[in-house]
Amino acid sequence: MFLRKGFVLLPGLVTFAVLSCVFSAHAQTVDKANTQQLMDSSITTNPVLTPIPGTVATSSTALIPQPVEPTTQPSNVPEVAQSDVVNVGRRTRGGRSYIGVGANIGLSGGETSLGDGNFAVLSKVGFTNAFSIRPSAIFGDNTTILIPVTYDFSLQQDEFTEPLPIAPYVGVGAAINTGDNSQVAFLVSGGIDVPLNAQFTATASVNAGFFDQTDVGLLVGVGYNFNGF
């Protein structure tokens with residue numbers, strides 16, 4: 001009797017054990033799937049970038065600008081004023097340098113071509129802001145060469161006004177009379193420059209050469225402006 005009951009209960013126990021294993025395995029599978037979904041969503045919403053050697057992420061620090069210390073010049077370096085700089089052919093406060101042609105009108109004397117009416121070549125070559133040399137040649141029976149060194153003025157009332165378009169100058173130098181009776185005499189010169197435009201300058205000067213007889217002439221002409229050499 002007992003054996004019959006055991007045979008009757010045995011299939012039920014086996015069925016219960018199998019169902020318990022199936023439900024347990026299904027529950028573990030569902031838990032693992034939910035856990036994997038939660039991990040994937042966490043990685044998607046909060047990505048963590050791990051720098052890889054040799055990539056932009058690891059090399060970006062080299063692109064960050066480094067602070068540069070300001071360079072300072074020694075305070076004891078002397079500054080040279082632009083007006084004191086010697087530059088052959090530079091502009092002076094009286095205007096630009098030029099070379100041109102003109103005519104000489106004799107005022108007194110007549111021993112040299114300086115005291116006669118003759119064709120002339122004239123020029124101005126600036127050296128500093130205030131000084132220039134004005135070589136010229138007066139052609140005639142005997143050519144007379146004038147080499148005055150002049151001090152150039154600028155007619156300006158104050159620093160807030162524009163200079164007048166007239167630049168006077170005065171100077172001294174040498175007058176050379178060529179020919180058979182060549183002579184070198186002391187020269188006094190004075191005149192004005194009038195800038196016409198950016199290319200041309202008109203000029204007029206009175207020159208006195210102290211030869212055996214003092215010769216005085218009025219030199220007028222127009223020069224073409226040029227820059228320094």
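All figures in this text were calculated on a predicted structure; none of them were measured in a lab.
When every heavy atom of Ala175 is checked against every heavy atom of Leu146, the shortest pair comes out as CB-CD2, 3.8 Å. Minimum heavy-atom separation, Ser97 to Gly89: OG-O, 3.2 Å. Scanning all heavy atoms of the two residues, the minimum distance from Arg90 to Phe127 falls at CD-O, 3.3 Å. Contact detail for Ser136 and Leu122: the closest heavy-atom pair is CB-CA, 3.8 Å. Closest of all the heavy-atom pairs between Ser132 and Thr92 is CB-CG2, 4.4 Å. What you find for Lys124 and Gly94 is that their closest heavy atoms are NZ-C, 4.0 Å.
For the salt bridge (Lys or Arg N to Asp or Glu O under 4.0 Å) test, no residue two or more places apart in sequence or in another chain qualifies with Asp116.
A distance of 10.5 Å separates CG of Leu107 from CG of Asp215, quoted to the nearest 0.5 Å. Rounded to the nearest 0.5 Å, atoms OG (Ser108) and CG (Leu114) are 8.0 Å apart. The distance from atom OG1 of Thr201 to atom CG of Asn225, rounded to the nearest 0.5 Å, is 3.5 Å. Between atom CG of residue Asp141 and atom CG of residue Asp180 there is a gap of 11.0 Å, rounded to the nearest 0.5 Å. Between the CG atom of Asn177 and the CD1 atom of Ile138 there is a distance of 10.0 Å, given to the nearest 0.5 Å.
Ring geometry for Phe119 against Phe139 counts as parallel: the plane angle stays under 30°, on a 0 to 90° scale with 60° as the upper cut.
For the pair Asn142 and Thr112, the minimum side-chain heavy-atom distance is 4.5 Å or more. Considering only heavy atoms from C-beta on, Ile133 comes within 4.5 Å of Ile147 through its side chain.
Placement of Val216 and Ile105 within a single hydrophobic cluster is found when ILVMFWY residues are connected by side-chain heavy-atom separations under 4.5 Å, directly or transitively. If you chain together hydrophobic residues whose side chains sit under 4.5 Å apart, Val220 and Val101 never meet in one group. Neither Leu219 nor Leu187 shares a network with the other; the hydrophobic side chains, linked directly or stepwise wherever heavy atoms of I, L, V, M, F, W or Y lie under 4.5 Å apart, form separate groups for each. The hydrophobic clustering, which links ILVMFWY residues whose side-chain heavy atoms are closer than 4.5 Å, places Ile145 and Val125 together.
Within 6.0 Å of OH in Tyr224 there are 12 or fewer heavy atoms belonging to other residues, nucleotides or ligands. Shown here is Asn197, whose CG atom has more than 12 heavy atoms of other residues, nucleotides or ligands within 6.0 Å.
No donor-acceptor pair closer than 3.5 Å links the side chain of Gln183 to the backbone N or O of Phe211. Remark: side-chain polar atoms of Asn104 are not paired, donor with acceptor, to backbone N or O of Asn118 under 3.5 angstrom.
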(request) Step by step, work out the side chain to side chain donor-acceptor pair (under 3.5 Å) result for Arg96 and Asn227. (result) CA-CA 7 Å; Arg96 298 179 64 181; Asn227 296 323; 2.7 Å; yes
(request) Kindly determine whether Tyr151 and Phe131 satisfy ring-ring contact (aromatic ring centres under 6.0 Å, His included), including the steps that lead there. (result) CA-CA 5 Å; Tyr151 181 83; Phe131 289 94; 5.2 Å; yes
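Asp152 and Thr150 share a donor-acceptor pair across their side chains, judged by distance under 3.5 Å alone. Remark: the Thr143 side chain and the Thr178 side chain contain no N/O donor-acceptor pair separated by less than 3.5 Å. Checked by atom type, the side-chain pair Arg134/Tyr98 shows a donor-acceptor distance below 3.5 Å.
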